[in-house]
A.B. asks: 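Here you go, one structure.
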Amino acid sequence: MARFIAQRLVAALITIWIATIAVTLLIHLVPGDPVRIMYSGFQTTDAEIEAIRERLGLDQPVVVQYVMYLGRVLQGDLGYSIVGDQPVLDTLLQRFPATLALTVSALIIAVVVGGSLGFFAAYKKGTAWDFGAMTLAIVGVSMPHFWLGLLLLFLFAMTLEWLPVGGSGWQNLILPALTLGLATGAVIARLTRSAMIDIFDQDFVRTAHAKGLPKTLVLYRHALRSGLVPVVSMLGLQFAYLMGGAIVIENVFAWNGVGRLAIQAVFARDYPLIQGFILFFATVVALVSVIIDVAYALLDPRIRYGT
Amino acid sequence: MSAPDATQLEPAAALAPPARKLGALRALLRSPSGAVGLAIVAVLVIAAVFAPLIAPHDPFRMAAGPRLAPPSADHLMGTDQLGRDVFSRIVYGARLTLQIGVIAVGISLTAGLLLGLVAGYAGGWPERILMRLVDVLFSFTEIVIALACLAILGVGLVNAMIAIGIASIPFYARITHSVVLVEKNKPYFEAAIAAGASRLRLIFVHLLPNVIPTLIVVGTLGVSTAVLAAAGLSFLGLGAQPPQPEWGFMLSSSRDLIARAPWMMIFPGLAIAITVLGFNLLGDGVREVLDPRQRAR
């Protein structure tokens, strides 16, 4: 088990390391002078531009810049944000709890709603219930997340006036979490259904039925447990997609997380913040997938012994 | 697997005689998802091609009607905050949507196909490095890669199409790679090696045609992902710019007017959802035709 965790950690570190290379190269791929583009909205003299270039280390060769950047990152220094007017890491850490609250609650909604819908569809396979559930799922997959968000906003905040339109309290979390959760739930429903259909056909389920166990016991103790294995294995990737989806949804609901910050950074061409965001995003996703993989290996011994 | 599988020895659908292709179209129409998907995509193409004939108003003309007018006989889907006809803008928007689909999928499909073919064929360390890189990019998610591209290129619809195309390369590379791994172990491929086929011949004459059917399915489904992503970027203001009648962008201008003019939010959203659904269903239908084993499920 220790070896398995070590392997996964090394893989995560490689991901983060590649991210540091990618963000260093990013600023060099910008056509034109990144410093001038970055400060185009400010009154700056040529001398000031050169001073900024020197401070950012952009007058050095790429390799030197990379080593300098890596050195600073290892000390927790991601540079200084123009938009936030404070160190990039501080800006990101201030906003991250909001994003984490959104993605975790969305993940719970997605697993509960999507998982039950998929399980139900598989159990009723071939019936009108199955068709209805899967139609719902494919409509959910086809809908733009942000449109679902606007529809929910229109229905619950404007027409029924049950929930506030924008803000940062917990009531404001309901609609964005529901939007992101339902959209992801549609994907999970499709995954769960096909996993469960395979399980229902297997011998151990038939045996459990044949030896006269109550139906609910067979469904929940035998079938659901093994059916969840492939679904749990997809959760790491789903979490990454939730983090990505949060970028758009935060903007729909004016939810002040890192996603909203990232869009402001792209508009403002705030390169230190963009670089910091990408690195931060990659790190969070990599670490969460290690945690999910380890949890998964604990549940299913076949994984940690590599069979 | 004792009996030889006849389909494995047959050339892929791409090399099939015309008669079989017609049969494929008929099979596509016979599957419910294929028929519905094809119909939706056909409507989209017709709207794009004949937009000037279908749209009752100039999509860019302001004050074509009163501002924020609800749907009526003259303005089927109402008007927006500048008095432009929403229906006409949606019809013209079909052109942009098709462009997005073709350009973004074209970029990711071509690059992903080449990467996957090379990695899968070469094996050894080039494969390990390439696929490891693909895994890493995959975990960055498409939207973050697209944002990074837009940070480099600057905002705009064409840049958004390129960004989405680049962002999806890892996905296509991974799928191509997995198909190549399967094809490489089939008897026809071993026979070609034994017959002394050159490296290029092995890749482009033997592997490529067998990868294409899968990629047709994935590419069709990929159009829906690209359309969704582009609408998302335009919604954020990073893609289409005013006055382009792009559906995602139309939604972003509707956000502050939802209570007063819900039609500005409902119709462009429906257009995106139906288009995406169309390509999803068409992709499912094509898969059923190309892979009959799926039909039994």
A.B. asks: Apply side chain to side chain donor-acceptor pair (under 3.5 Å) to Arg67(B) and list each qualifying residue two or more places apart in sequence or on a separate chain.
C.D. replies: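 Arg67(B): no side chain to side chain donor-acceptor pair (under 3.5 Å) contacts found.
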A.B. asks: Has Arg255(B) got a side-chain atom pairing as donor or acceptor with Val252(A)'s backbone, closer than 3.5 angstrom?
C.D. replies: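 Yes, the answer is positive, given that a donor and an acceptor are paired below the 3.5 Å cut-off.
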A.B. asks: Which atoms of Asp135(B) come close to chain A, meaning under 4.5 Å heavy atom to heavy atom: side chain ones, backbone ones, both, or neither?
C.D. replies: neither
A.B. asks: Among the options Thr275(B), Ile272(B), Leu251(B), Leu150(B), pick out the one with the most heavy-atom pairs lying under 4.5 Å from chain A.
C.D. replies: Leu251(B)
A.B. asks: Taking all atoms of both residues into account, what is the closest heavy-atom pair of Pro144(A) and Gly269(B), and its distance?
C.D. replies: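 Smallest interatomic distance, heavy atoms only, reads CD-O, 4.5 Å.
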A.B. asks: With side chains defined as the heavy atoms from C-beta onward, is the minimum distance between Leu150(A) and Ile266(B) less than 4.5 Å?
C.D. replies: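 No, side chains not in contact.
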A.B. asks: Which answer fits Leu137(B), side chain, backbone, both or neither, if we ask what part of it has an atom under 4.5 Å from a heavy atom of chain A?
C.D. replies: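 Neither; nothing under 4.5 Å.
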A.B. asks: Is it the backbone or the side chain of Ser252(B) that comes under 4.5 Å from a heavy atom of chain A, or both, or neither?
C.D. replies: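 Contact with chain A involves no heavy atom of Ser252(B) at all.
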A.B. asks: Below 4.5 Å, heavy-atom pairs only: which of Tyr271(A), Phe277(A), Trp147(A) has the largest tally toward chain B?
C.D. replies: Trp147(A)
A.B. asks: Taking Ile14(A), Leu151(A), Val23(A), Ile274(A) one by one, which has the highest count of heavy-atom pairs under 4.5 Å against chain B?
C.D. replies: Leu151(A)
A.B. asks: Between Leu238(B) and Phe267(A), is any pair of side-chain heavy atoms under 4.5 Å apart?
C.D. replies: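 Touching, per the 4.5 Å side-chain cut-off.
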A.B. asks: Minimum heavy-atom separation for Phe140(B) and Phe281(A), please, with both atom names.
C.D. replies: O-CE2, 3.2 Å
A.B. asks: Surrounding CZ of Arg128(B) (heavy atoms of other residues, nucleotides or ligands, distance under 6.0 Å), is the total greater than 12?
C.D. replies: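 Result for CZ/Arg128(B): open.
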A.B. asks: Sort out for me which of Ala11(A), Gly126(A), Ala262(A) touches chain B most, counting heavy-atom pairs under 4.5 Å.
C.D. replies: Ala11(A)
A.B. asks: Measuring from Gln264(A):CD to Leu236(B):CG, what's the distance to the nearest 0.5 Å?
C.D. replies: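 Between Gln264(A) CD and Leu236(B) CG, I get 11.5 Å after rounding to 0.5 Å.
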A.B. asks: Hey, which of Val266(A), Val141(A), Ile37(A), Leu148(A) has the most heavy atom pairs under 4.5 Å with chain B?
C.D. replies: Val266(A)
A.B. asks: Identify which of Leu281(B), Val155(B), Leu228(B) forms the greatest number of heavy-atom pairs closer than 4.5 Å to chain A.
C.D. replies: Leu228(B)
A.B. asks: Do Leu153(B) and Val30(A) come within less than 4.5 Å of each other through their side chains, counting heavy atoms only?
C.D. replies: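 Contact flag for Leu153(B)/Val30(A) side chains = no.
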A.B. asks: Return the option, out of Arg269(A), His145(A), Met158(A), with the maximum number of heavy-atom pairs under 4.5 Å with chain B.
C.D. replies: Arg269(A)
A.B. asks: Report which part of Ile152(B) has an atom under 4.5 Å of a heavy atom belonging to chain A: side chain, backbone, both, or neither.
C.D. replies: both
A.B. asks: Which of the residues Ile145(B), Thr225(B), Leu270(B) is involved in the greatest number of heavy-atom pairs with chain A at under 4.5 angstrom?
C.D. replies: Leu270(B)
A.B. asks: Please check if atom OH in Tyr123(A) has more than 12 non-hydrogen atoms from other residues, nucleotides or ligands closer than 6.0 Å.
C.D. replies: no
A.B. asks: Which atoms of Ala19(A) are under 4.5 Å from chain B, going by heavy atoms: the side chain, the backbone, both sets, or neither?
C.D. replies: both
A.B. asks: Answer yes or no: does atom CZ of Phe87(B) have more than 12 heavy-atom neighbours from other residues, nucleotides or ligands under 6.0 Å?
C.D. replies: yes
A.B. asks: Dump the intermediate steps for side chain to side chain contact (heavy atoms under 4.5 Å, CB included) on Leu147(B) and Ile278(A), then the final yes or no.
C.D. replies: CA-CA 9 Å; Leu147(B) 283 183; Ile278(A) 295 173; over 6 Å; no
A.B. asks: Just verifying a value: how many Å separate Ile138(A) CD1 and Leu277(B) CG, rounded to the nearest 0.5 Å?
C.D. replies: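 Between atom CD1 of Ile138(A) and atom CG of Leu277(B) there are 5.5 Å.
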